[in-house]
Amino acid sequence: MILAKEKIRNYLWEKIKETYPISWNDLQLTFPPDISMGDLCFTFPFKLARLIKKNPRQIAEEIAEKLKDLEDVAKIEIAGPGYINLFLNQERFFLERLRSLDQSQLRPEERKIIVEHTNINPNKAAHIGHLRNACLGDTLVQCLRYKGEKVEVQNYIDDTGVQVVDVVFGFMELEKKSLEDLEKIPGRFDYYCWDLYTRVSAFLSAHPEAQAKKAEILRKIEHGEPPEAQYAYYISRRILKAHLATMKRLGITYDVLPCESSILALKFWEKAFQLLKEKGGLIYSEDGPNKGCWVMRLEGDQEREKVIVRSDGTVTYVGKDIAYQLWKFGLLGGDFYYEPFQQENGHIIWITTSEPRECPVSFGRASKVYNVIDVRQSYLQKIVAQGLKVLGYEEQADKSIHFSYEMVALSPKSLKELGFEVIEEEKERSFYEVSGRKGLGVKADDLLDRLESKALAEVEKRNPELSQEEKINIARQIACGSIRYFMLRFARNSLLIFDFDEALNFEGETGPYLQYTGVRLNSIFRKLQEREGFQPADLSAWINSEFLPLDGMDEKERSHFWELVIYASQYEETILESIYTLEFAHLAKFAFNLCQKINSYYHLYPILNEKNQDLRKIRLLTVAYVLAILKKLLALMGIPLPERM
RNA sequence: GCGCCUGUAGCUCAGUGGAUAGAGCGACGGACUCCGGAUCCGUAGGUCGCAGGUUCGACUCCUGUCAGGCGCGCCA
């Protein structure tokens, strides 16, 4: 109802802008606390009262006069000390909304947007912490695309970092495995490395002298020297495939996979370093603790310096990130080469390479960038943005958005369920941080497997007549919907303390509840078709007629109907608001509330058994309207809608 | 020490300065020969951490304070 509100605001604005000291922004339309008080509400009389020293109620009455001729508004009431409550013309509004269901009222604002998410180190299996990142990131992508933006999804692969080095170390030094041996490891390679990684971490902390060997491996990998670099390549690619498969189970995919190895080989950092030195963004530290390093000073905090280039001349992680960020905006003056990494249903996932070749695609050059990274990296993300700023790219720095969110932790109960013992001094903690290093976490695929088998058991119970294949397919959709809703339902600043009972629940505020609602609404139309040959065309005929028999409803039903329609009509505002605040819990809650309302509605007002044709028509239209919106919302959240469940 | 975040029902969490602070879970009690009970309806449960301030109006903004978390590496 964005346009509907705009229309009323514009109408009033034209009438009062000359006579009252008021700005367009003051004319916000809010919702009264209860639908019986009105559909929309102006509160600006209170502000105005202060400015022109008049009673707000009197102002409200004066202004309400001016809205009288607007045909969208059926009634105006002045309430309390000066609220202007509007009642909309219900028939007109509902018909208009039904007819414009397929036309989005949102408009794009950017030339191109890059969303970077997932970014799992390719040295172990994905865990629930990574799921939160990917689910938030993908929902942002879907919402931006709905808004009409051109979006490019990047998943950064740190294939030469210390985490991969640890696993290379494990294979070479601890397991003494050759590359051929690695290729022979059967089954879930990411799971194998999950265990190996924790063994390496334990080994390294017990044998500090082994750090030298590790540093040597890192150096060789960074310079592409065999065989270490080949190990790293093999491991990172095989695990990357596992990660992509995991994310595919959740309906999440990517456009391009920029690799750190490519950034190194193509000397992106050297280019960025040159720029930073020229513009004076980096300072060479002559003495003090950072002697011999190139450092950056954080704005407003001259005390603290962040080392970008170490005294041995190597670049830190932040430095590489600045180069990558510059590339995303097309400011680096260089590009990667690309080759297809995977292909599915005609969609190619490209990966970067440093080997020159003809490329049919190119990436980057965005006007806005979202980096989906947990809150612990806030400081570093600030430095990355600062890097752009000192180069004079103020605008790009402002459009480098750190989409931060709190981490995922484990409840004490979940920890116990995973078979971990809590050490004495940590007994008091109410949560435990997920740690790949310690092997402490719930693997994404394990969680999905558990959800699928639980869902399958439920489907068996409810729909025994379906084929095994159908049942499995439904169970997969339920598992996916369950996780995706779960990862979205908490505000991003809220620490997500993972609990198995909660995550495996299919009742109440859960993904399956939303799916179930959709399935049942669909089944109303299916039944109607089976019994009476009802066709979708019948619906559009009603929508295109000039008349809706709203008066056939009694007072109680009419208010239920109207409350539902008004609520449902706010979906695009909610999408927009979720994008602006990066708070997709709003979107999730909105979908959930909508489901509660429609469930309650059709429980109260039967359709198939209703004899009164007018009532039947209105109820059907209402259900069709809500269902159409619910389908949009589910798609945005990546929650599949099964045929049955 | 400095910076950021969080304190709301027994538990997990919502709550663009606006009217009577809401959900889910858990507990208790109910539901139509019905379009699917993964549903619906009801009951109980709150000094919105504490104290000031701004405002016609504060869970929301400001200040202080207490409690918890996370950052502040020549790690990534």
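A quick note: this is a predicted structure, and the numbers were derived from the prediction, not measured.
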| said: Over all strands shown, is A/N55 touching base, sugar-phosphate only, or nothing at heavy-atom distances under 4.0 angstrom? | reply: nothing

| Can you check whether A/F431 and A/F498 have ring centres sitting under 6.0 Å from each other? | no

| remark: Ranking A/L29 and A/Y601 by the position along RNA chain B of their nearest nucleotide, the one closer to 5' is A/L29

| message | Regarding A/F46, tell me which of base, sugar-phosphate or nothing describes its non-hydrogen contacts under 4.0 Å with the strands shown. | response | base

| message | Between B/G37 and B/C32, how far apart are the two P atoms, rounded to whole Å? | response | 12 Å

| said: Assuming nearest nucleotide by heavy-atom distance, tell me which of A/E583 and A/L604 is located more 5' along RNA chain B. | reply: A/E583

| remark: Value for CD (A/E286) from NZ (A/K291), rounded to nearest 0.5 Å, stands at 8.5 Å

| Would you say A/K527 reaches B/G36's phosphate, i.e. side-chain N/O to OP1/OP2 under 4.0 Å? | yes

| message | Whether A/T43 contacts B/G17 is assessed here as follows: a side-chain N or O lying under 4.0 Å from the phosphate OP1 or OP2. Is that the case? | response | no

| said: Counting only side-chain nitrogens and oxygens, does A/H603 get under 4.0 Å of the OP1 or OP2 atom of B/G36? | reply: no

| Below 4.0 Å: OP1/OP2 of B/C40 and any side-chain N or O of A/Y513 | yes

| said: Under 4.0 Å, heavy atoms only, any strand: does A/L495 hit a base, just the sugar-phosphate, or nothing? | reply: sugar-phosphate

| task | Check every atom of B/G69, B/C74, B/A14 against the side chain of A/R429 and return the nucleotide holding the closest atom. | result | B/G69

| request: Answer with base, sugar-phosphate or nothing: what part of the nucleic acid does A/P56 contact at a heavy-atom distance below 4.0 Å? | output: nothing

| message | Taking only the C1' atom of each, what is the distance from B/G15 to B/U20 in whole angstrom? | response | 15 Å

| request: Can you tell me, in whole Å, how much space there is between the P of B/A51 and that of B/C59? | output: 13 Å

| Exceeds 12 heavy-atom contacts within 6.0 angstrom, atom CD of A/E216 | yes

| query | By centroid distance (under 5.5 Å) and plane angle (under 30°), are A/F592 and B/A23 in a stacked arrangement? | reply | no

| request: Using a 4.0 Å heavy-atom cut-off across all strands, classify A/K413 as base, sugar-phosphate, or nothing. | output: nothing

| query | Can you tell me how far C1' in B/C41 sits from the matching atom in B/G53, rounded to whole Å? | reply | 45 Å

| task | Assign A/V318 to base, sugar-phosphate, or nothing according to its heavy-atom contacts below 4.0 angstrom with the strands shown. | result | nothing

| Is there a donor on the side chain of A/D321 or the base of B/A76 sitting less than 3.5 Å from an acceptor on the other? | no

| request: Using a 4.0 Å heavy-atom cut-off across all strands, classify A/L380 as base, sugar-phosphate, or nothing. | output: base

| said: Considering every strand and a 4.0 Å limit on heavy-atom distances, what is the contact class for A/F506: base, sugar-phosphate, or nothing? | reply: base

| Modelled atom types, side-chain donor and acceptor of A/D158 and A/Y317, under 3.5 Å | no

| request: Identify whether the distance between the nearest side-chain nitrogen and carboxylate oxygen of A/E417 and A/K413 falls below 4.0 Å. | output: no

| message | Under a 3.5 Å cut-off for both contacts, is B/U33 paired Watson-Crick or G-U wobble with anything, and if yes, with which nucleotide? | response | none

| task | For B/A67 and B/A76, measure between their P atoms and round to the nearest Å. | result | 36 Å

| said: Considering every strand and a 4.0 Å limit on heavy-atom distances, what is the contact class for A/Y580: base, sugar-phosphate, or nothing? | reply: nothing

| task | Determine: side-chain N/O of A/Q596 to OP1/OP2 of B/G24, distance under 4.0 Å, yes or no. | result | yes

| request: Would you please say whether a donor-acceptor pair under 3.5 Å links the side chains of A/Q325 and A/N371? | output: yes

| query | Do the side-chain N or O atoms of A/N609 get closer than 4.0 angstrom to the phosphate oxygens (OP1, OP2) of B/C34? | reply | no

| said: At 4.0 Å (heavy atoms only), tell me whether A/P33 reaches a base, stays on the sugar-phosphate, or touches nothing. | reply: base

| request: Assign A/R531 to base, sugar-phosphate, or nothing according to its heavy-atom contacts below 4.0 angstrom with the strands shown. | output: sugar-phosphate

| field | Nucleotide nearest A/N599 when distance is taken to its side chain, options B/C40, B/G36, B/G69 | value | B/C40

| task | Could you tell me whether the side chain of A/S311 has a donor or acceptor atom within less than 3.5 Å of a complementary atom in the base of B/C74? | result | yes

| query | Reckon A/T30 touches a base, only the sugar-phosphate, or nothing at all at heavy-atom distances under 4.0 Å? | reply | base

| message | What contact category does A/I478 fall into here, base, sugar-phosphate, or nothing, at under 4.0 angstrom with non-hydrogen atoms? | response | base

| message | What I want to check is whether an N or O donor and acceptor connect the side chain of A/Y83 with the base of B/G18 at under 3.5 Å. | response | yes

| query | So does A/R310 get a side-chain nitrogen or oxygen closer than 4.0 Å to the phosphate oxygens (OP1/OP2) of B/A76? | reply | yes

| Atom NZ of A/K416: over 12 foreign heavy atoms under 6.0 Å | no

| query | Going by modelled atom types, is there a donor-acceptor pair between the base of B/A14 and the side chain of A/R489 at under 3.5 Å? | reply | no

| message | Taking any heavy-atom pair under 4.0 Å as a contact, classify A/D158: base, sugar-phosphate, or nothing. | response | sugar-phosphate

| said: Taking only the P atom of each, what is the distance from B/C61 to B/G7 in whole angstrom? | reply: 11 Å

| Quick one: is B/A76 close enough that its OP1 or OP2 comes under 4.0 Å of any side-chain N or O from A/Y317? | no

| For atom CG of A/D287, is the number of surrounding heavy atoms from other residues, nucleotides or ligands below 6.0 Å larger than 12? | no

